[in-house]
Each structure stands twice: as structure tokens, then as C-alpha cells.
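I have placed the structure first, in the form of C-alpha cells, so that the comments after it can refer back to it.
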Amino acid sequence: MDASSIDESTASDSTSISPVTPLLFHSSPSATAEAESRKLPSSRFKGVVPQPNGRWGAQIYEKHQRVWLGTFNEEQDAAKAYDIAALRFRGRDAVTNFKPLHHDDHAAVEADFLNSHSKLEIVDMLRKHTYNDELQQSKRQRGPTTADSASGTSPNYSLWDSKREVLFEKTVTPSDVGKLNRLVIPKQHAEKNFPMGEGVVLGKGMLLNFEDMGGKVWRFRYSYWNSSQSYVLTKGWSRFVKDNTLRAGDVVRFLRSTGPDKQLYIHANPTPGPAINPVHVVKLFGVNILQLPVGKTEGVFLELQPTKKQRIIKPL
DNA sequence: CTTTGTGTTGAT
DNA sequence: TCAACACAAAGG
């Protein structure tokens with residue numbers, strides 16, 4: 001998985017073909033074979049327990065009590081979750097499945113991250129499969145460490161010197177800022193610029209982080225809607241619309257860091273850069289509802305509203 | 001309906 | 001502390 005921007009995990013999960021199928025052969029006199037097929041496979045990893053549906057659970061114990069760390073498609077992912085919890089609950093010397101492979105700065109950064117969050121928060125991240133996302137995000141807020149820049153080429157506290165390239169802009173439509181809680185990403189831009197994870201087409205979508213001008217990080221669900229054959233940002237989008245008081249015709253600009261991190265950025269109504277395309281202002285009822293780049297075809301601009309009554313367009 | 005993850009027990 | 005097992009609770 002691309003740890004920088006997605007959370008839904010594991011590129012290789014759909015390969016599991018009913019790993020545990022407790023088929024019952026009631027007519028068979030051989031009850032031993034039946035009992036054997038019913039048994040769940042043990043994990044070779046610490047803190048990992050099999051689930052009836054072939055997935056894997058992770059758990060850690062503290063003070064006579066089990067702390068559930070979530071379920072995972074891949075046994076290794078459950079083991080990693082246990083490792084993280086073990087480090088948070090029991091410190092640096094905890095027994096883990098994989099973790100002590102590194103002793104570098106990354107481990108130190110992660111230790112900082114772990115100790116700056118409560119056990120409950122860490123467990124919550126593990127259960128939601130957002131731990132790697134949050135860790136990456138914390139690295140960005142702090143700025144790159146010496147381990148991130150080429151070793152020795154720059155002094156400590158080197159500045160974040162990567163640039164942001166504009167990927168594309170979209171003039172939002174009425175439905176983009178309506179109650180549908182979704183922004184349609186023009187297919188061409190989506191397929192060219194946004195990550196193509198397995199979950200995107202597979203219905204679940206993926207979570208993408210975008211940083212705005214103020215440094216605030218927004219997380220949207222990015223997925224493909226088969227019904228409309230379009231890519232969309234859904235979960236979290238309406239909040240962005242609200243906080244930025246986005247209106248139809250406003251421009252949203254998407255950018256991406258040119259550095260090794262692929263941090264995405266989103267700017268609402270960015271100040272037009274040099275040599276920006278002239279815009280054609282369309283007004284309705286004296287209200288500016290559309291701004292279209294001249295000479296560009298951005299798809300359908302007017303969208304039918306699914307209303308039975310006469311739609312009331314409020315003055316802005 | 002499917003899946004999670006809790007209740008529980010016995011072992012190490 | 002730990003995992004195995006059964007299954008009620010939770011979720012879609």
C-alpha cells in the first residue's frame with residue numbers, strides 16, 4: 001500500500017478463496033475429518049488470532065484484559081498491528097513480530113509518534129487501519145528529518161524545498177457544492193493524477209489526504225462510481241465545502257508535492273497564478289454561478305437537479 | 001444476512 | 001499473558 005495516502009489495506013487480499021470453509025459432511029461417518037476441517041488455522045504470529053471468515057484478528061493483553069486491535073485481511077498486517085500496539089503498551093523492549101528490523105531515525109520518529117498519542121488513540125488507528133496514514137502525516141507536519149533527505153547532503157533542519165505542481169483545477173458545479181457530499185473529479189484528471197489503488201474501482205475507494213493553504217489536512221474518500229462512471233471525492237467533502245463556503249463557480253485547485261512524498265494539496269479559490277487562463281463569467285439572476293476556462297471543455301456544466309418541485313435557487 | 005470481537009477456559 | 005473456541009453482539 002502507499003502509506004502516504006491510503007488506508008484501506010493490502011493490495012493482495014482478494015486472492016483468498018474461502019480459506020476456511022467449515023463444510024459439513026453430515027452423511028460421512030468420518031467425524032474426525034469433519035472436526036479437522038472445522039478447526040481454524042493458528043497463526044505463527046504473536047497476538048494474531050484467526051477469524052471464522054478467513055481473516056485475522058489482532059489482540060494484546062494488558063492487566064488481565066484483552067485489547068482488541070481489529071481485523072485484517074492479511075495475517076502479516078495483523079502481526080504488524082500487534083507490533084505497534086506492543087511498542088506503545090510495553091515500550092521499546094517489547095517482543096514483536098517484525099518491528100526491530102530498523103534502528104534508524106525512522107524508528108525514533110515512530111517512537112515519538114507513539115508516545116505522543118494515548119494508547120486508546122493508537123488502538124483506534126489500528127482498528128481503523130489509519131495508523132500508517134497518521135504516522136506519515138505527523139512526519140510531514142514536523143518536516144523531513146535528516147533521514148528523509150539524502151544522507152549528508154544537507155544539514156539538520158533542512159528546509160522543505162520540494163515544490164508543488166498544479167495537477168488540475170475544477171470549477172465546481174452546483175451539485176459539487178450541494179447536499180450530495182461529493183465532488184466529481186473529471187475522469188481524465190483522476191486517472192492521470194490520482195493514485196489508482198485496488199479499492200478505488202473495487203467499490204470501497206481509498207482515503208486521500210489533502211493539505212489546504214492553512215496547513216489543515218483534509219481527508220476525503222476517493223472512489224469510482226460505476227453507476228455514473230465517474231471518479232468522486234465523497235466522505236469529508238461537504239465539510240470542506242462548508243468551511244470554505246464554496247459556491248458553484250468557485251475554483252478548486254489540486255496540487256502535489258514534487259518531492260519524494262506525494263503529498264496532495266487542495267486550494268479553494270486559489271489566487272490565479274501568472275498567465276492563468278482567462279475565465280468566462282456566467283451570471284444567473286445577477287449571481288455568478290459559473291466560471292469556465294475559455295476554450296476548455298470540462299464536461300457537463302449544467303446538471304439536472306433531481307427534484308420534483310420547482311427548485312429554488314437562493315441568492316448567494 | 002455477514003462479520004466482529006467478547007466471553008470464557010485452559011495452557012504456559 | 002496468551003490463544004482456542006463458541007457464539008452473542010454489532011453492523012450492513
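A straight line from CH2 of A/Trp56 to P of B/dG5 spans 17 Å, rounded to a whole angstrom. Rounded to an integer number of Å, the gap from A/Tyr61 OH to B/dG5 P is 14 Å. As a whole-Å value, the separation of A/Gln51 CD from C/dA4 P is 12 Å. With rounding to whole Å, A/Lys63 atom NZ is found 16 Å from C/dC2 atom C1'. One interatomic measurement links the two molecules: CD of A/Gln59 to P of C/dA3, which rounds to 6 Å at whole-angstrom precision. In this structure, CG of A/Asn53 is placed 11 Å from C1' of B/dG5, rounded to the nearest angstrom. Following rounding to the nearest Å, A/Trp68 (CH2) and C/dC2 (C1') show an atom-to-atom distance of 13 Å. Atom NE2 of A/His64 is separated from atom C1' of B/dT9 by 15 Å (rounded to the nearest Å).
Taking 3.5 Å as the limit, the base of B/dG5 and the side chain of A/Arg66 contain no donor-acceptor pair of atoms between them.
The ring-ring contact (aromatic ring centres under 6.0 Å, His included) test with A/Trp218 singles out one residue from A/Trp237, A/Phe240, A/Phe254, A/Phe210, and that residue is A/Phe240.
When the nucleotides B/dG5, C/dA4, C/dC2 are ranked by their closest atom to the side chain of A/Lys46, C/dC2 comes out on top. Of the candidates C/dC2, C/dC7, C/dA4, the closest approach to any side-chain atom of A/Pro52 belongs to C/dC7.
Relative to the ring axis of A/Phe89, A/Lys119 places its NZ or CZ within 45° and under 6.0 Å from the centre.
Every residue two or more places apart in sequence or in another chain was checked for a salt bridge (Lys or Arg N to Asp or Glu O under 4.0 Å) with A/Glu121, and none qualifies.
Taking side-chain N and O atoms only, A/Ser42 has no distance below 4.0 Å to OP1 or OP2 of C/dA3.
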**Request:** Assess whether ring-ring contact (aromatic ring centres under 6.0 Å, His included) is satisfied between A/His129 and A/Phe72, documenting all intermediate values.
**Result:** CA-CA 9 Å; A/His129 302 183; A/Phe72 304 83; 4.5 Å; yes
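The residue A/Ser43 sits apart from the nucleic acid: no heavy atom pair falls under 4.0 Å.
On the C1' atoms, C/dA6 is 22 Å away from B/dT12, given to the nearest whole Å.
Within the 4.5 Å cutoff, no side-chain heavy atoms of A/Met213 are placed close to those of A/Tyr265.
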